[in-house]
Asker: 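Have a look at this one before I ask anything.
FYI, the numbering just counts along the sequence from 1.
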Amino acid sequence: MSSQDRHILVIDDAPENIRELLQALRGQSWRVTLATTAQQGYQRAQSLLPDLILLDVRMPGMDGFALCRLLQELPRARETPILFLTSAASPEERLEGLNHGAVDYILKTCEPAELLARVQIHLRLARRTEVPDDVPEGTPSRDEVVLRAAMRLISKRLSSPFTLEEIASAVGTYDKRLSAIFRQQLGMTVFAWIREERLRKSRELLVDTTLGMQEIAENIGFRSACNFTTAFRERLGVTPSQYRRSARQEPLPEMAHRGG
């Protein structure tokens, strides 16, 4: 399939503000589909499997960053290049967008020729001539996608304090719904899972690094080495130091890690 036969999905709640850019896209031989809400964009990305997505950041209900997280948990959409096309121009927003897995971050003030050139580049780079053989059949439910996105987000930010509301908003839902998803899917609360994930990560750091207890505690979000040691001993029955010594002399003891 040549880049001239590709399908572009544009997700923007105010398409009238990018009329000139849309006209430029439609002036090519690409098929261009428009979604005007994040929810509609999620559904169309899932059903239409576009070759490239142009995604706004500031949208009501669910912002583009949250939608990007969800799209990356869809097996048949995770390889689709996502380019943020937005007026959110601060360095922090640009960096956040790229850190979410987007391949480019383009300002709406750009010239149409620049947008076309960037889209052309990413279409050429994208290896999407066919769906990989190892992609599982069936489509995950919305709850499964939200769960995976939340778990991935938490795992990347273990050292940072965050509230349930912040996690939920970052994956396009609200706190009570996210709590219900964790209970239904994993049989535990969000913060019980976070505790398990922190201890799982601590086990990796104890075995694979020479970091001290305070450094490990800070890496996984505990306030102090004392709090970390207490939680570790309560969960595994040994102190972190004892675990490290044992792990380097004999096979690792198993620790249940649900949902990961």
Side-chain angles (χ1 to χ4, degrees), residues 3 6-28 30-74 77-126 128 145-146 149-150 152-153 156-157 160 162 165-174:
S3 65
R6 299 298 180 90
H7 181 191
I8 313 297
L9 174 62
V10 180
I11 306 172
D12 194 304
D13 66 306
E16 64 275 8
N17 294 336
I18 56 169
R19 185 175 293 109
E20 188 177 5
L21 298 177
L22 284 173
Q23 288 174 347
L25 290 169
R26 287 170 172 154
Q28 307 299 303
W30 303 321
R31 176 186 172 197
V32 179
T33 299
L34 178 66
T36 56
T37 68
Q39 178 63 29
Q40 188 181 66
Y42 176 88
Q43 293 169 344
R44 292 187 175 177
Q46 189 176 49
S47 61
L48 300 176
L49 296 178
D51 296 287
L52 183 143
I53 296 172
L54 290 168
L55 176 57
D56 192 14
V57 171
R58 296 169 180 165
M59 296 185 290
M62 184 195 312
D63 67 23
F65 295 149
L67 178 56
C68 185
R69 291 190 186 97
L70 297 185
L71 293 176
Q72 291 178 335
E73 299 303 329
L74 289 172
R78 64 167 58 108
E79 299 303 321
T80 304
I82 296 175
L83 288 66
F84 281 110
L85 178 61
T86 177
S87 58
S90 74
E92 294 78 14
E93 287 169 314
R94 294 169 72 100
L95 183 59
E96 185 174 2
L98 294 172
N99 284 338
H100 286 330
V103 298
D104 210 342
Y105 197 100
I106 308 168
L107 297 183
K108 291 181 177 179
T109 53
C110 76
E111 291 296 321
E114 179 185 351
L115 175 64
L116 295 179
R118 288 175 182 258
V119 169
Q120 286 274 18
I121 289 169
H122 291 295
L123 286 174
R124 285 199 303 269
L125 292 174
R128 299 198 64 250
V145 170
V146 169
R152 191 182 302 276
L153 174 67
K156 289 180 178 179
R157 299 185 180 180
S160 305
F162 39 65
E165 291 80 5
E166 288 170 338
I167 299 169
S169 176
V171 294
T173 189
Y174 55 96

Asker: Would you call R31 and L48 a side-chain contact if the rule is heavy atoms closer than 4.5 Å?
Answerer: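 Yes. Closest side-chain heavy atoms under 4.5 Å.
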Asker: Flag yes if more than 12 heavy atoms outside Q43 fall under 6.0 Å of its CD atom; otherwise flag no.
Answerer: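 Correct, the count exceeds 12.
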Asker: Answer yes or no: is there a side-chain heavy-atom contact under 4.5 Å between V10 and I18?
Answerer: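 They are in contact (side-chain heavy atoms under 4.5 Å apart), so the answer is yes.
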Asker: How about L74 and V145: do any of their side-chain heavy atoms sit closer than 4.5 Å?
Answerer: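 The answer is yes, as the side chains (C-beta and beyond) meet within the 4.5 Å cut-off.
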Asker: Near R58 CZ, under 6.0 Å, is it more than 12 heavy atoms from other residues, nucleotides or ligands?
Answerer: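 Yes.
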Asker: For E73 and A149, which heavy atoms make the closest approach, and how far apart are they?
Answerer: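 Distance-wise, the nearest heavy atoms are CG-N, 3.6 Å.
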Asker: Could you tell me if the side chain of L52 sits less than 4.5 Å from the side chain of R6, heavy atoms only?
Answerer: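 No, their side chains stay 4.5 Å or more apart.
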Asker: Nearest 0.5 Å, please: how far is CD in Q28 from CG in L123?
Answerer: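 One finds 10.5 Å between CG of L123 and CD of Q28.
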Asker: Any Lys/Arg nitrogen of R118 or E114 sitting under 4.0 Å from an Asp/Glu carboxylate oxygen of the other?
Answerer: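 Salt bridge between R118 and E114, a charged N being under 4.0 Å from a carboxylate O: yes.
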Asker: Can you measure from CD1 (I106) to NE2 (H122) and round to the nearest 0.5 angstrom?
Answerer: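 The NE2 atom of H122 is 6.5 Å from CD1 of I106, to the nearest 0.5 Å.
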Asker: Ignoring hydrogens and geometry, is there a side-chain-to-backbone donor-acceptor pair from R44 to L34 under 3.5 Å?
Answerer: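 Between the backbone of L34 and the side chain of R44 there is a qualifying donor-acceptor contact (under 3.5 Å).
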Asker: Between R19 and Q23, is any pair of side-chain heavy atoms under 4.5 Å apart?
Answerer: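 Yes, side chains in contact.
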Asker: Decide yes or no for L125 and P81: does some side-chain heavy atom of the first lie under 4.5 Å from some side-chain heavy atom of the second?
Answerer: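 Result no, sub-4.5 Å side-chain heavy-atom pair not found.
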Asker: In terms of relative ring orientation, are F84 and F65 parallel, tilted or perpendicular, with 30° and 60° separating the classes?
Answerer: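 Perpendicular, since the angle between the ring planes exceeds 60°.
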Asker: Please report the interatomic distance SG(C68) to OH(Y42), rounded to the nearest 0.5 Å.
Answerer: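 So the gap between those two atoms works out to 13.0 Å.
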Asker: About how many Å separate CD1 of I167 and CG of L153, when rounded to the nearest 0.5 Å?
Answerer: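 Rounded to the nearest 0.5 Å, the CG-CD1 separation comes out at 7.0 Å.
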Asker: In the structure I gave you, are the side-chain heavy atoms of V103 and I82 within less than 4.5 Å of one another anywhere?
Answerer: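 No, too far: nothing below the 4.5 Å cut-off.
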Asker: As a test of understanding, state which of V57, I53, D56, I11 forms a side-chain contact (heavy atoms from CB on, under 4.5 Å) with L67.
Answerer: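 With L67 as partner, side-chain contact (heavy atoms from CB on, under 4.5 Å) holds for just one option, I11.
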Asker: Going from CD on E79 to CG on D51, what distance comes out if it is rounded to the nearest 0.5 angstrom?
Answerer: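 So the gap between those two atoms works out to 13.0 Å.
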Asker: State the CG-CZ distance between L21 and R26, to the nearest 0.5 angstrom.
Answerer: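 Nearest 0.5 Å value for the CG-CZ distance: 11.5 Å.
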Asker: Check this for me, if you would: do E166 and R157 make a salt bridge, where the nitrogen-to-carboxylate-oxygen distance has to be below 4.0 angstrom?
Answerer: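 A salt bridge is absent here (no side-chain N lies under 4.0 Å from a carboxylate O).
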